[in-house]
Protein chains: 2
Amino acid sequence: MPTIKDVADRAGVHAATASRALNSATRGMVNARTVTRVLEAAKALGYAPNSAARSLRTRTSSVAGVIIPDLRNPVFPPIVRGIEDGLREAGYMALLGNTDGDAVRERELFDAMRGRQTDGFILATSRRDDALPAEVPTVLVNRRTDAGGVPSVTADNSVGVHMLVRALVHLGHSRIGHVAGPRHLSTGWERYRAFVDAMDGAEPVTFAEAFTEDAGFEATLRLLDTVPDLTAIVAGNDLIALGCYAALASRGLRVPEDISVTGFNDIPFADRQRPGLTTIRIPHYDIGLESARLLLERIANPAGPAKRIVLPVELVTRGSTGPARN
Amino acid sequence: MPTIKDVADRAGVHAATASRALNSATRGMVNARTVTRVLEAAKALGYAPNSAARSLRTRTSSVAGVIIPDLRNPVFPPIVRGIEDGLREAGYMALLGNTDGDAVRERELFDAMRGRQTDGFILATSRRDDALPAEVPTVLVNRRTDAGGVPSVTADNSVGVHMLVRALVHLGHSRIGHVAGPRHLSTGWERYRAFVDAMDGAEPVTFAEAFTEDAGFEATLRLLDTVPDLTAIVAGNDLIALGCYAALASRGLRVPEDISVTGFNDIPFADRQRPGLTTIRIPHYDIGLESARLLLERIANPAGPAKRIVLPVELVTRGSTGPARN
DNA sequence: ACTGTGAGTGCAATCGATTGCAACTGGAGG
DNA sequence: CCTCCAGTTGCAATCGATTGCACTCACAGT
């Protein structure tokens, strides 16, 4: 692999000059003809800068750490894809890690990535009470901490839940239950709060242990045990809603004839479920894209304001909701 | 951030000694008591090695590049997850990149990652005719090149297709068509070859432009135009099969009453389609895991044999296949 | 007493790019 | 003619960890 010294020799200049010519920020310091010579030499040799050397000297790496719970959760692929595209706009790349929701593993990953000179982090994992290291630029995606001060990009959970409840009420439902996501995740919590707010009353709620089908199944059974005569269930997200489907089927209840179900996220294939899932479409890809841009902004100016970006959502009505039973 | 010099000073030794004490491979050269002192000092200071410096010196980074077409294709998340877990076993991390099947972008990504001192690559993108740079350890996942010489991990495409054809024949089908994946991808090609082999006759085949639902839709229409009286279609993968569903519906044909359809991969939610998709289950996660291990093996011993790992597959029968019409 | 041995440690070079500072050049201004 | 300045370029230090080599020291063998 050719080094900058090789390029400099070929162009007949000193390595320092070559470095300045190669770097667009310092290129102005070098004579235009020299720049051309260096650039030609670099191309001829197929020169690619050694990023380890550069990182060592500049203390930056153009790499961002992306930490999520589990890539197999269908919300994340499009988000991660958006992140990657956003990072690439600025020549950044993504180091990816999964935590399975394990705080210890998250910590390990975080440290390991930081040791690799990561310039910043995009986290989809933090709990509401997380204290995040402030020294390194960080953006939360699809999550938020209570404390604030950390920039985040999320979908509008509150508006989404209100849309769902309004749609159900419009269909004549009044006995509406909520199978919420985990309390310790901001997504679960915000939707729960919005639900309570939208229903303004003492409404039946159970909390799923996780945003998974299995946890949704289990939590739905608990809900049905407490309140058997519900006509609609607002689930904390689409996977939980699929758990509802299974739980309701196990109790011999039909969707939507006996009971309506709604999800949240509009994951791929939500339209192919039976019945198709009425849900809130969030702009997955854009959430990722915006979070990458926000991170880059923070890296460029760590002292700037900790923006919170909230992206609009959309109601998608499908077969899982129908008129209230009576 | 403390450096190894700080650790050494605190332990009252030279940086070189600290380095040897910290590195398990060279630890034997250092007196046991000294090792303890260094380790304590390191812990007390919260020392984390600067990986840029290490990479610069050792020319390794413990980072592998993972390049795939598009994370939003549902086959990839579980594979990538497996890769990540496999890499982590050895303290490696994954730099992720998407190409959208664009060869130029792939080349750019490859170079950019190589510039970042990537120790090796796992590629899910290469075309059958790709000439891969031999200098850097590379493993192909779910793909293969014609030339050989590059280690790969794939599912057993040939056996899978034979299973499908046999199952269809068993159901009484004889007029079976194939909507194949792209010719230039080994997956598409191998399944096509296996199909021809299994049918041992001049069978109707069209090739989809890509492994996507849209391409499958379009290719299915072409197939139906040529051979209207098929009783079964073997699709190149699940997404193409979903395209078949749509194409058949647009022609007023019912699955499986009028025509049976099979897929390949058993992507998440293949069971939730209507009708549920009969397909070949491949061990996504294990494919990823094995490819990571294989890469690590290659990195450790680049001169070793270029293994080809083929993992077994399984037939999953669901509602999309039924008895032949007549 | 002397040499040989081997364990343990220190010294200093090295990896490649970046950057503050100095040096040089030519031309403008006094 | 001298000074000064702007425009360029070179010099050398620097980032932090690793590693070949040399050195020290204690001890065993003769």
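The sequence lines fix the lettering, A, B, ..., with proteins before strands; numbering per chain opens at 1.
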Across the strands shown, which category fits A:T26 at heavy-atom distances under 4.0 angstrom: base, sugar-phosphate, nothing?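 Nothing, no nucleic acid heavy atom in range.
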Look at the side chain of B:R33 against the base of C:dG8 and say whether a donor-acceptor pair falls under 3.5 Å; ignore hydrogens and angles.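 It does not, because no donor-acceptor pair links the side chain of B:R33 to the base of C:dG8 below 3.5 Å.
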Check whether the side chain of B:R20 and the base of C:dG8 form a donor-acceptor pair under 3.5 Å.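 When only heavy-atom distances are counted, B:R20 does not reach the base of C:dG8 through any donor-acceptor pair under 3.5 Å.
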Take the protein atom [atom1] of [X] and the nucleotide atom [atom2] of [N], then report the distance between them rounded to whole Å.
X      : N      : atom1 : atom2 : result
A:H14  : C:dA23 : NE2   : P     : 15 Å
A:R116 : D:dA17 : CZ    : C1'   : 15 Å
A:R27  : D:dG7  : CZ    : P     : 19 Å
B:M29  : C:dT9  : CE    : P     : 11 Å
A:Q117 : D:dA17 : CD    : P     : 10 Å

Any donor and acceptor pair, going by atom type alone, linking the side chain of B:T58 with main-chain N or O of B:R54 inside 3.5 Å?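 Looks like yes, one N/O pair under 3.5 Å.
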Any side-chain heavy-atom pair of B:L123 and B:V141 under 4.5 Å: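 With C-beta onward as the side chain, the pair stays apart.
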Does A:Y92 reach the side chain of A:L295, with side-chain heavy atoms less than 4.5 Å apart?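 With C-beta onward as the side chain, the pair stays apart.
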Inspect the contact between [Y] and [X] and indicate whether a charged nitrogen and a carboxylate oxygen are less than 4.0 angstrom apart.
X      : Y      : answer
B:R81  : A:D100 : yes
A:R293 : A:E89  : yes
B:D85  : A:R105 : yes

Among the nucleotides C:dA17, C:dT9, D:dA17, which one has an atom lying closest to any side-chain atom of A:I4?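 Shortest atom-to-atom distance from the side chain points to C:dA17.
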Looking only at the side chain of B:T17 (C-beta and beyond, no hydrogens), which of the listed nucleotides C:dG8, C:dA17, C:dG10 gets closest?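 Ranking C:dG8, C:dA17, C:dG10 by closest atom to the B:T17 side chain puts C:dG10 first.
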If only side-chain N and O atoms of B:S19 are considered, is one of them under 4.0 Å from the OP1 or OP2 phosphate oxygen of D:dT18?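 Yes, B:S19 has a side-chain N/O under 4.0 Å of OP1/OP2 on D:dT18.
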Toward the 5' end of DNA chain C, by each residue's nearest nucleotide, B:V30 or A:A16: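 Of the two residues, B:V30 wins.
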Looking at B:E209, I'd like to know if its CD atom is crowded, meaning that more than 12 non-hydrogen atoms belonging to other residues, nucleotides or ligands lie closer than 6.0 Å.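 Open: at most 12 neighbouring heavy atoms sit under 6.0 Å from CD of B:E209.
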Contact residues, residues 44-61 of chain A to DNA chain D [heavy atom, < 4.0 Å]: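 Under 4.0 Å from DNA chain D: A:L56, A:R57, A:R59.
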